[in-house]
Amino acid sequence: MKTTDVLLSALWLASVEATTCQPPGPFTGTPFSYVPPENTTVLTPYGHSPAVHPSPKTTGNGGWEKAMHQAKHFVSQLTVDEKAWMATGQPGPCVGNVLPIPRLNFTGLCLQNGPQCVQQGDFSSVFISGVSAAASWDRKLLYDRAYAQAQEHKQKGSHVILGPVAGPLGRSPHGGRSWEGFAADPYLTGVCMEKSILGMQDAGVQANAKHFIANEQETQRNPTYQPDANATTYIQDSVSANVDDRTLHEIYMWPFANAAKARVASFMCSYNRVNGSHACQNSYLLNHLLKGELGFQGYVMSDWGATHSGVSSIESGMDMTMPGGFTLYGELWTEGSFFGKNLTEAIHNGTVSSDRIDDMIVRIMTPYYWLGQDKASYPSVDSQVALLNVDSPIEDWLHDWKFTGSSNRDVRGNHSALIREHGAASTVLLKNERNALPLRKPRNIVIAGNDAGPIIDAATTRSNAEYGVLVNSGSSGSCRLTTLSTPLEAITARARRHGGIVQPYLNNTLVAENSLPSLLTVQSPDVCLVFLKSYGQEGEDRQTLKFDWNGNEVVESVAKDCNNTVVVTHSAGVNVFPFADHPNVTAILAAHYPGEEAGNAIADLLYGDVNPSAKLPYVIAYNESDYNAPLTTDSATNGTYDWQSWFDEKLEVGYRYFDAHDIPVRYEFGFGLSYTTFNLTTLSPKALAASNLTALPEARPVQPGGNPALWDTVYSLTSRVSNTGGVDGFAIPQLYVQFPSSTPAGTPPNQLRGFDKVWLRAGETKTVTFDLMRRDLSYWDVVAQEWRIPTGPFTFKAGFSSRDFRATATGSLLKE
């Protein structure tokens with residue numbers, strides 16, 4: 001064992017939260033179990049989480065000072081009971097509610113799903129999903145999307161949007177809800193988080209960064225309980241994500257640091273355990289890392305039912321429990337709460353100090369004042385959302401809420417045009433041979449696949465999602481469609497303009513089991529458009545990376561007899577494409593979940609009104625078995641603490657793994673085609689004012705996002721990007737960094753550290769600049785407990801994907 005291992009073990013094992021942490025082993029029976037070698041003492045950080053107390057008080061750093069003083073004045077007027085109930089979710093019109101206090105003119109807090117829409121809102125829009133937004137690689141799109149979402153939330157009376165999502169990050173391609181998040185890369189996800197939070201909060205609505213942290217599987221995310229009246233006895237505890245210190249910082253915390261820097265109002269702690277301790281009562285995560293190292297000034301709320309203790313969770317840094325009561329078999333049970341009356345009693349008997357409860361409420365109220373949500377002009381909750389909230393009977397809470405505004409507010413504005421634009425901008429062109437696209441006014445079009453037509457059930461669940469275009473998926477991230485443009489409708493309208501016909505065959509079983517000529521009424525189609533889909537939802541992980549409802553078989557059946565087969569996919573994320581090499585499959589587009597304008601958006605691309613520019617935010621491998629993260633879909637175990645997910649791949653998440661082991665991939669991270677061609681030449685360092693860098697950052701007072709020195713620009717490079725084709729379009733140049741050999745073992749060979757989106761007319765050339773911050777060029781030193789710039793030369797690689805480098809440069813940051 002190396003000396004650093006011993007030191008690291010001492011840091012992590014010095015203090016253990018004994019109430020929740022279990023020793024590592026023996027665990028048996030699952031792919032996630034760990035069995036230590038016989039007669040071996042385990043001295044690693046895995047499976048252990050040190051206790052860190054007390055919970056830091058908010059200071060209002062980063063521009064919240066005035067709002068914090070307002071919040072403190074408000075708190076000074078509260079009774080003990082009111083303080084306790086403000087930290088405890090209650091039944092109400094929204095998915096999460098903090099009760100009004102009329103005597104103080106406080107109208108309550110309305111917390112609403114979700115990351116793609118106002119989930120409990122009619123006459124509202126369904127925007128593109130998180131994974132779609134990430135595929136755009138477009139900072140402006142990310143901001144505009146979030147701002148428009150928040151506009152609709154605000155007009156419906158929401159105070160808090162439960163999003164955006166950085167966890168799951170996408171460790172496993174089988175994750176059921178990765179589509180709610182962004183990219184299987186911390187840098188890209190960090191940009192997405194920051195731009196989304198800025199957009200939401202600039203519109204006046206609080207953002208909620210979730211789910212903190214290492215929330216990478218749905219399977220066994222919650223404990224399994226004995227079927228007794230109180231549902232407090234575990235049969236099996238929730239899965240423990242066991243992550244080493246460096247991986248936690250460089251992969252999973254990275255995008256949450258961006259969220260803290262953006263002054264996000266709140267964080268949501270996740271269902272899973274982390275290193276043995278439940279995330280919502282893990283004081284190392286919440287007190288030390290989040291409120292300490294990252295300088296987070298807002299409040300920490302639980303995921304719904306993720307609270308497993310009262311005082312322990314409070315002292316560990318959680319400020320608000322949601323939805324307030326216990327959970328029983330997945331349904332709300334509001335008869336009791338770990339907080340509520342128990343918190344009142346704990347305050348009275350001194351178990352919870354007055355300082356701690358006051359800080360909890362100050363943290364909750366500061367963003368409320370900062371964003372002007374106390375103003376009389378802030379919209380009241382639309383009473384219609386209460387009727388759409390099925391979690392609690394209306395008679396239980398109606399008297400507490402005042403509905404002063406109009407009901408059934410139409411908040412969509414002109415957002416459909418924005419969603420259409422974003423849907424096209426986030427669709428990745430994966431293949432385009434024989435100039436199959438854009439379409440050239442085909443007269444005989446076949447549309448095949450159950451994903452092309454209208455939906456037959458407005459409620460999105462796996463059981464009723466077989467027919468109709470899949471523009472959003474299930475559970476808390478699901479949306480209520482007010483309007484929908486389908487591919488069948490949009491393409492048919494285009495065909496009619498040119499006197500064409502469309503022959504639709506939307507039954508997958510029928511298409512897969514019959515030859516295309518036997519189905520057609522008019523033979524010899526000019527093009528066959530096949531629409532496939534892949535469903536994903538909260539609460540379950542994906543069983544396969546194949547397309548659902550025999551999608552692969554549909555493509556094979558059509559392509560057998562149609563020599564111009566174009567495949568369009570609407571998917572939760574990663575799929576494998578066994579048909580990609582079929583000679584008759586001429587084009588493939590991955591549209592993910594593009595929202596309500598799915599049909600118009602794809603038609604704009606197919607017919608060339610929009611030139612594709614999107615890039616993959618993950619890797620598409622040749623086979624499911626090529627991915628390194630453990631599958632989360634098949635386990636048999638009965639031990640109380642058997643569910644242990646060991647993140648032994650460490651930093652090798654996503655493309656990092658494939659690059660580290662030189663594994664061929666079908667489509668790499670950052671890949672995406674265009675109707676034109678681009679080139680990138682030169683990669684030149686640009687002189688900066690900063691000089692004489694030190695390996696460790698200057699110790700400055702912590703601000704939201706951590707030590708401000710980490711966000712200083714310390715290096716810059718420029719490149720020349722050219723449109724070498726004949727069509728105007730957006731280029732997305734990308735910068736990857738190879739760290740010096742002095743960096744500790746396990747450092748990935750290439751890591752994304754910059755990108756831009758540049759409009760180029762045919763034949764035009766522009767200069768792009770990649771500014772690199774200290775954090776971008778540092779690794780987490782587990783002994784120093786600090787970000788360190790390594791000695792030696794860095795290699796910088798610029799191009800158009802993680803495997804398409806057009807220019808390189810080398811340079812050292814430190815004087816040796």
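Numbers here simply count residues along the sequence, with the first being 1.
Checked by atom type, the side-chain pair Thr677/Thr724 shows a donor-acceptor distance below 3.5 Å. Under the 3.5 Å distance criterion, with hydrogens and angles disregarded, no donor-acceptor pair is assigned to the side chains of Ser802 and Glu668. For the residue pair Glu293 and His249, a side-chain donor N or O sits within less than 3.5 Å of a side-chain acceptor on the partner. A donor and an acceptor atom, one from each side chain of Lys797 and Asn750, are located under 3.5 Å apart. There is no side-chain donor-acceptor pair under 3.5 Å between Asp771 and Thr713. At a cut-off of 3.5 Å, with distance as the only test, no side-chain donor of His415 or Gln149 sits close to an acceptor on the other residue. Side-chain contact, Arg542 with Ser178: no donor N or O sits under 3.5 Å from an acceptor N or O. Using a 3.5 Å distance cut-off with no hydrogens or angles, the side chains of Asn723 and Arg761 do not pair a donor with an acceptor. For the residue pair Ser473 / Tyr593, a side-chain donor-acceptor distance below 3.5 Å is found, with atom types taken as modelled. Between the side chains of Gln116 and Asn472, at least one donor-acceptor pair of N or O atoms lies under 3.5 Å. Inspection of the Asp245 and Trp780 side chains reveals an N or O donor paired with an N or O acceptor under 3.5 Å.
Arg656 has no carboxylate O lying under 4.0 Å from a charged side-chain N of Glu649, or vice versa, which leaves the two without a salt bridge. Electrostatic pairing of Lys757 and Asp138 counts as a salt bridge here, judged by a charged N lying under 4.0 Å from a carboxylate O. With respect to the salt-bridge test (charged N to carboxylate O, under 4.0 angstrom), the residues Arg666 and Asp581 qualify. Between Arg803 and Asp659, at least one side-chain nitrogen of the basic residue sits less than 4.0 Å from a carboxylate oxygen of the acidic one, meeting the salt-bridge criterion. At a threshold of 4.0 Å, the pair Asp776-Arg774 does not count as salt-bridged, since none of the basic side-chain nitrogens sits closer than that to a carboxylate oxygen. With respect to Asp712 and Arg700, a salt bridge is recorded, a charged nitrogen being found less than 4.0 Å from a carboxylate O.
Because its NZ or CZ atom is not both nearer than 6.0 Å to the ring centre of Phe296 and within 45° of the ring axis, Arg263 does not count as a cation-pi partner of that residue. For Arg775 and Trp254, the positive end sits near the middle of the six-membered ring, less than 6.0 Å away and at most 45° from its axis.
Aromatic pair Tyr655/Tyr657: centroids not less than 6.0 angstrom apart. For Phe647 and Tyr252, the ring centers are positioned less than 6.0 Å apart. If you look at Phe577 and Phe547, their ring centroids are closer than 6.0 Å. Between Phe256 and Phe212, the ring center distance clears the sub-6.0 Å criterion.
Considering only residues two or more places apart in sequence or on other chains, Thr765 meets the side chain to side chain donor-acceptor pair (under 3.5 Å) condition with Ser722. For Glu250, the side chain to side chain donor-acceptor pair (under 3.5 Å) test picks out Arg246, with sequence neighbours left out.
The one candidate from Tyr667, Tyr627, Phe669 that meets the ring-ring contact (aromatic ring centres under 6.0 Å, His included) condition with Phe658 is Tyr627.
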Worked verdict on Thr247 versus Val653 for side-chain contact (heavy atoms from CB on, under 4.5 Å) = CA-CA 10 Å; Thr247 300; Val653 174; 5.6 Å; no
Should Phe800 and Phe805 be marked as a ring-ring contact (aromatic ring centres under 6.0 Å, His included) after you check the CA-CA gap, both sets of side-chain angles, and the distance that decides it?
-> CA-CA 7 Å; Phe800 298 108; Phe805 303 131; over 10 Å; no
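For the pair Ile789/Phe794, a side-chain contact is recorded, criterion being any heavy-atom separation below 4.5 Å from C-beta on. With a 4.5 Å cut-off on side-chain heavy atoms, Thr586 and Thr565 do not count as touching.
Interatomic distance, NZ of Lys533 versus NE2 of His570, reported as 10.0 Å (0.5 Å rounding). Between the CG atom in Asn215 and the CE atom in Met268 there is a gap of 10.5 Å [rounded to 0.5 Å]. A distance of 11.5 Å separates CG of Leu605 from CG of Asn600, quoted to the nearest 0.5 Å.
Of all non-hydrogen atoms in Thr676 and Gly726, the two that sit nearest each other are OG1-N, 3.5 Å. Pairing each heavy atom of Val428 with each of Phe671, the nearest pair is CG1-O, 3.5 Å.
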